[in-house]
Amino acid sequence: MSQVIVVTGGAGGIGSAICKGLAQDGHKVAVADYDREGAQRVARELGKDALAVEVDVGSKESVARMIQECLDRFGGIDVLFNGAGIMPRHEVKDISAEEWERVLRINLTGVFLCSQAAAAHMVGKRQGRIISVTSGRGVAGAPGSAHYAASKAGVIAFTKSLAIELAPHNVVVNAIAPGVTDTAMSQ
(Lines give C-alpha, C1' and ligand atoms only; values in the text may rest on other atoms or scores of the structure.)
Protein backbone atom coordinates (compact mmCIF):
# COMPACT_ATOMS: atom_id res chain seq x y z
CA MET A 1 0.00 0.00 0.00
CA SER A 2 1.40 3.36 -1.05
CA GLN A 3 2.08 5.85 1.73
CA VAL A 4 2.97 9.54 1.80
CA ILE A 5 6.38 9.99 3.37
CA VAL A 6 8.11 13.28 4.19
CA VAL A 7 11.90 13.03 4.32
CA THR A 8 13.78 16.00 5.75
CA GLY A 9 17.37 16.16 4.62
CA GLY A 10 16.16 14.42 1.47
CA ALA A 11 18.53 16.17 -0.95
CA GLY A 12 21.65 14.29 0.07
CA GLY A 13 23.33 11.56 2.07
CA ILE A 14 21.13 9.11 3.92
CA GLY A 15 18.03 11.20 3.13
CA SER A 16 18.32 10.94 -0.65
CA ALA A 17 19.00 7.19 -0.42
CA ILE A 18 15.88 6.83 1.76
CA CYS A 19 13.84 8.84 -0.77
CA LYS A 20 15.01 6.67 -3.65
CA GLY A 21 14.26 3.42 -1.83
CA LEU A 22 10.80 4.63 -0.82
CA ALA A 23 9.97 5.72 -4.37
CA GLN A 24 11.14 2.37 -5.74
CA ASP A 25 8.72 0.72 -3.31
CA GLY A 26 5.86 2.80 -4.77
CA HIS A 27 5.47 5.46 -2.08
CA LYS A 28 4.76 9.15 -2.58
CA VAL A 29 7.76 11.08 -1.30
CA ALA A 30 8.22 14.68 -0.23
CA VAL A 31 11.91 15.48 -0.59
CA ALA A 32 12.31 18.24 1.99
CA ASP A 33 15.60 20.07 2.32
CA TYR A 34 17.16 23.47 2.90
CA ASP A 35 18.91 22.90 -0.45
CA ARG A 36 16.04 23.67 -2.85
CA GLU A 37 17.98 22.73 -5.99
CA GLY A 38 19.13 19.47 -4.44
CA ALA A 39 15.57 18.60 -3.40
CA GLN A 40 14.33 19.38 -6.91
CA ARG A 41 17.04 17.22 -8.45
CA VAL A 42 16.18 14.22 -6.25
CA ALA A 43 12.42 14.70 -6.81
CA ARG A 44 12.95 14.76 -10.60
CA GLU A 45 14.84 11.47 -10.34
CA LEU A 46 11.96 9.95 -8.39
CA GLY A 47 9.23 10.89 -10.87
CA LYS A 48 5.65 12.10 -10.71
CA ASP A 49 4.91 10.86 -7.18
CA ALA A 50 7.62 13.05 -5.66
CA LEU A 51 7.48 16.60 -4.39
CA ALA A 52 10.46 18.88 -3.73
CA VAL A 53 9.95 21.15 -0.72
CA GLU A 54 12.38 23.78 0.48
CA VAL A 55 12.41 23.85 4.29
CA ASP A 56 14.40 25.29 7.16
CA VAL A 57 13.63 22.68 9.82
CA GLY A 58 14.62 25.14 12.55
CA SER A 59 11.84 27.57 11.55
CA LYS A 60 8.29 26.90 12.71
CA GLU A 61 6.88 28.90 9.78
CA SER A 62 8.98 27.05 7.22
CA VAL A 63 8.00 23.68 8.69
CA ALA A 64 4.31 24.67 8.62
CA ARG A 65 4.67 25.54 4.90
CA MET A 66 6.35 22.18 4.25
CA ILE A 67 3.53 20.26 5.93
CA GLN A 68 0.88 22.30 4.10
CA GLU A 69 2.55 21.72 0.71
CA CYS A 70 2.53 17.98 1.40
CA LEU A 71 -1.11 18.03 2.45
CA ASP A 72 -2.06 20.10 -0.60
CA ARG A 73 -0.24 17.79 -3.00
CA PHE A 74 -0.86 14.36 -1.45
CA GLY A 75 -3.84 14.89 0.85
CA GLY A 76 -2.11 13.49 3.92
CA ILE A 77 1.11 12.41 5.61
CA ASP A 78 1.66 8.84 6.79
CA VAL A 79 5.32 8.94 7.79
CA LEU A 80 7.80 11.64 8.78
CA PHE A 81 11.49 10.79 8.48
CA ASN A 82 13.56 13.40 10.36
CA GLY A 83 16.86 13.12 8.54
CA ALA A 84 18.03 16.75 8.34
CA GLY A 85 21.17 17.40 10.30
CA ILE A 86 24.62 18.96 10.37
CA MET A 87 27.86 17.89 12.00
CA PRO A 88 30.56 20.55 12.11
CA ARG A 89 33.71 19.38 13.86
CA HIS A 90 35.35 21.58 16.48
CA GLU A 91 36.68 21.07 19.95
CA VAL A 92 34.59 22.64 22.70
CA LYS A 93 37.11 25.44 23.16
CA ASP A 94 36.58 26.46 19.51
CA ILE A 95 32.77 26.20 19.28
CA SER A 96 31.16 29.61 19.08
CA ALA A 97 27.82 30.22 20.74
CA GLU A 98 26.38 30.79 17.25
CA GLU A 99 27.63 27.42 15.99
CA TRP A 100 26.34 25.65 19.13
CA GLU A 101 22.90 27.16 18.65
CA ARG A 102 22.86 26.42 14.91
CA VAL A 103 23.63 22.73 15.47
CA LEU A 104 20.94 22.40 18.15
CA ARG A 105 18.44 24.40 16.06
CA ILE A 106 18.81 22.12 13.04
CA ASN A 107 19.48 18.76 14.70
CA LEU A 108 17.18 18.96 17.73
CA THR A 109 14.74 21.83 17.35
CA GLY A 110 14.18 20.73 13.75
CA VAL A 111 13.14 17.26 14.93
CA PHE A 112 10.80 18.86 17.48
CA LEU A 113 9.18 21.28 15.02
CA CYS A 114 8.74 18.73 12.23
CA SER A 115 7.42 16.08 14.62
CA GLN A 116 5.02 18.52 16.26
CA ALA A 117 3.61 19.65 12.90
CA ALA A 118 3.30 16.14 11.46
CA ALA A 119 1.88 14.71 14.70
CA ALA A 120 -0.94 17.25 14.69
CA HIS A 121 -2.10 15.73 11.40
CA MET A 122 -1.41 12.12 12.40
CA VAL A 123 -3.23 12.31 15.74
CA GLY A 124 -6.33 13.58 13.94
CA LYS A 125 -6.46 10.51 11.71
CA ARG A 126 -5.19 8.19 14.48
CA GLN A 127 -2.38 6.81 12.38
CA GLY A 128 1.24 7.66 11.60
CA ARG A 129 4.92 7.00 12.02
CA ILE A 130 7.73 9.37 12.99
CA ILE A 131 11.32 8.22 12.58
CA SER A 132 14.26 10.41 13.60
CA VAL A 133 17.94 9.94 12.89
CA THR A 134 20.16 10.02 15.93
CA SER A 135 23.72 8.83 16.48
CA GLY A 136 25.82 6.68 18.76
CA ARG A 137 27.56 9.93 19.63
CA GLY A 138 24.34 10.92 21.39
CA VAL A 139 25.04 8.11 23.86
CA ALA A 140 28.82 7.87 23.97
CA GLY A 141 29.92 11.38 22.95
CA ALA A 142 33.02 12.00 20.86
CA PRO A 143 35.86 14.51 20.77
CA GLY A 144 35.39 17.33 18.30
CA SER A 145 31.61 17.03 18.19
CA ALA A 146 30.18 17.92 21.60
CA HIS A 147 27.42 20.04 20.07
CA TYR A 148 26.48 17.29 17.62
CA ALA A 149 26.51 14.68 20.39
CA ALA A 150 24.38 16.90 22.64
CA SER A 151 21.83 17.43 19.87
CA LYS A 152 21.59 13.71 19.12
CA ALA A 153 21.25 12.85 22.83
CA GLY A 154 18.37 15.30 22.85
CA VAL A 155 16.79 13.52 19.88
CA ILE A 156 16.94 10.23 21.80
CA ALA A 157 15.23 11.69 24.89
CA PHE A 158 12.69 13.60 22.79
CA THR A 159 11.84 10.46 20.81
CA LYS A 160 11.23 8.44 23.97
CA SER A 161 8.92 11.11 25.39
CA LEU A 162 7.05 11.65 22.12
CA ALA A 163 6.57 7.90 21.67
CA ILE A 164 4.84 7.72 25.06
CA GLU A 165 2.63 10.74 24.31
CA LEU A 166 1.55 9.58 20.85
CA ALA A 167 1.11 5.84 21.49
CA PRO A 168 -2.54 6.26 22.60
CA HIS A 169 -3.20 7.93 19.22
CA ASN A 170 -1.75 5.02 17.21
CA VAL A 171 1.28 7.09 16.15
CA VAL A 172 4.53 5.14 16.45
CA VAL A 173 7.71 7.11 17.14
CA ASN A 174 11.23 5.69 16.82
CA ALA A 175 14.82 6.82 16.38
CA ILE A 176 17.54 5.08 14.42
CA ALA A 177 21.30 5.41 14.78
CA PRO A 178 22.74 4.25 11.45
CA GLY A 179 26.40 4.68 12.41
CA VAL A 180 29.10 6.01 10.12
CA THR A 181 27.72 6.10 6.60
CA ASP A 182 29.62 6.97 3.43
CA THR A 183 28.07 10.39 2.80
CA ALA A 184 29.43 13.88 2.15
CA MET A 185 28.77 14.82 5.79
CA SER A 186 30.87 11.95 7.18
CA GLN A 187 33.65 12.58 4.68
Side-chain angles (χ1 to χ4, degrees), residues 4-20 22 28-46 50-74 76-90 95-122 128-135 137-138 145-159 162 173 175-176 178 181 183-186:
V4 176
I5 304 170
V6 177
V7 179
T8 69
I14 292 170
S16 65
I18 294 285
C19 288
K20 291 172 187 175
L22 292 169
K28 296 177 174 113
V29 179
V31 182
D33 205 289
Y34 189 76
D35 174 6
R36 180 174 34 128
E37 291 175 6
Q40 290 170 338
R41 177 184 38 75
V42 172
R44 276 193 305 274
E45 290 176 25
L46 303 183
L51 169 68
V53 183
E54 181 178 4
V55 65
D56 173 358
V57 296
S59 161
K60 185 174 181 130
E61 295 77 20
S62 183
V63 168
R65 282 192 301 275
M66 171 190 73
I67 294 296
Q68 192 58 55
E69 282 186 54
C70 295
L71 294 173
D72 291 346
R73 169 74 181 275
F74 298 124
I77 298 169
D78 299 300
V79 179
L80 168 66
F81 183 85
N82 286 309
I86 59 171
M87 187 176 69
R89 294 186 175 111
H90 294 102
I95 298 173
S96 67
E98 293 78 20
E99 181 175 298
W100 174 270
E101 294 200 11
R102 180 172 176 253
V103 170
L104 267 69
R105 184 178 67 80
I106 293 169
N107 293 2
L108 180 56
T109 303
V111 168
F112 158 67
L113 292 173
C114 292
S115 298
Q116 183 183 54
H121 172 73
M122 294 173 180
R129 305 289 179 264
I130 298 173
I131 304 160
S132 300
V133 175
T134 187
S135 168
R137 291 178 187 212
S145 61
H147 44 0
Y148 177 80
S151 70
K152 293 304 184 173
V155 169
I156 293 167
F158 175 75
T159 298
L162 188 62
V173 183
I176 60 170
T181 307
T183 65
M185 186 165 74
S186 66

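FYI, the numbering just counts along the sequence from 1.
Between the side chain of Lys152 and the backbone N or O of Val133 there is at least one donor-acceptor pair closer than 3.5 Å. Side chain of Ser115 to backbone of Phe112: no donor-acceptor contact under 3.5 angstrom is found. Ser151 places no side-chain N or O within donor-acceptor distance of the main-chain N or O of Val103, the cut-off being under 3.5 Å. Checked by atom type and distance alone, the side chain of Ser145 never pairs as donor or acceptor with a backbone atom of Tyr148 at under 3.5 Å. Checked by atom type and distance alone, the side chain of Asp78 never pairs as donor or acceptor with a backbone atom of Arg129 at under 3.5 Å.
Look at Arg41 and Glu45 and you find a salt bridge, because one of the NZ, NE, NH1 or NH2 atoms lies within 4.0 Å of a carboxylate O, short of that distance.
One distance of note links CG of Leu113 with CD1 of Ile106; it measures 12.0 Å at 0.5 Å rounding. Note that the OG1 atom of Thr134 and the CZ atom of Phe158 stand 12.5 Å from one another [nearest 0.5 Å]. For the atom pair CG of Leu104 and CZ of Arg102, the computed distance is 12.0 Å after rounding to the nearest 0.5 Å.
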Test salt bridge (charged side-chain N to carboxylate O under 4.0 Å, His left out) on Arg105 and Asp56 and set out the steps. CA-CA 10 Å; Arg105 184 178 67 80; Asp56 173 358; 2.8 Å; yes
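Contact annotation: the side chain of Ile67 approaches that of Ile77 to within less than 4.5 Å [non-hydrogen atoms, C-beta and beyond].
Counting heavy atoms of neighbouring residues, nucleotides and ligands inside a 6.0 Å radius, atom CD of Glu37 does not exceed 12 of them. Within 6.0 Å of CZ on Arg36 lie no more than 12 heavy atoms contributed by other residues, nucleotides or ligands.
The aromatic rings of His147 and His90 lie perpendicular to each other, with more than 60° between the two planes, well past the 30° mark.
Residues Gly83 and Thr8 share a closest heavy-atom pair of N-OG1, 2.9 Å.
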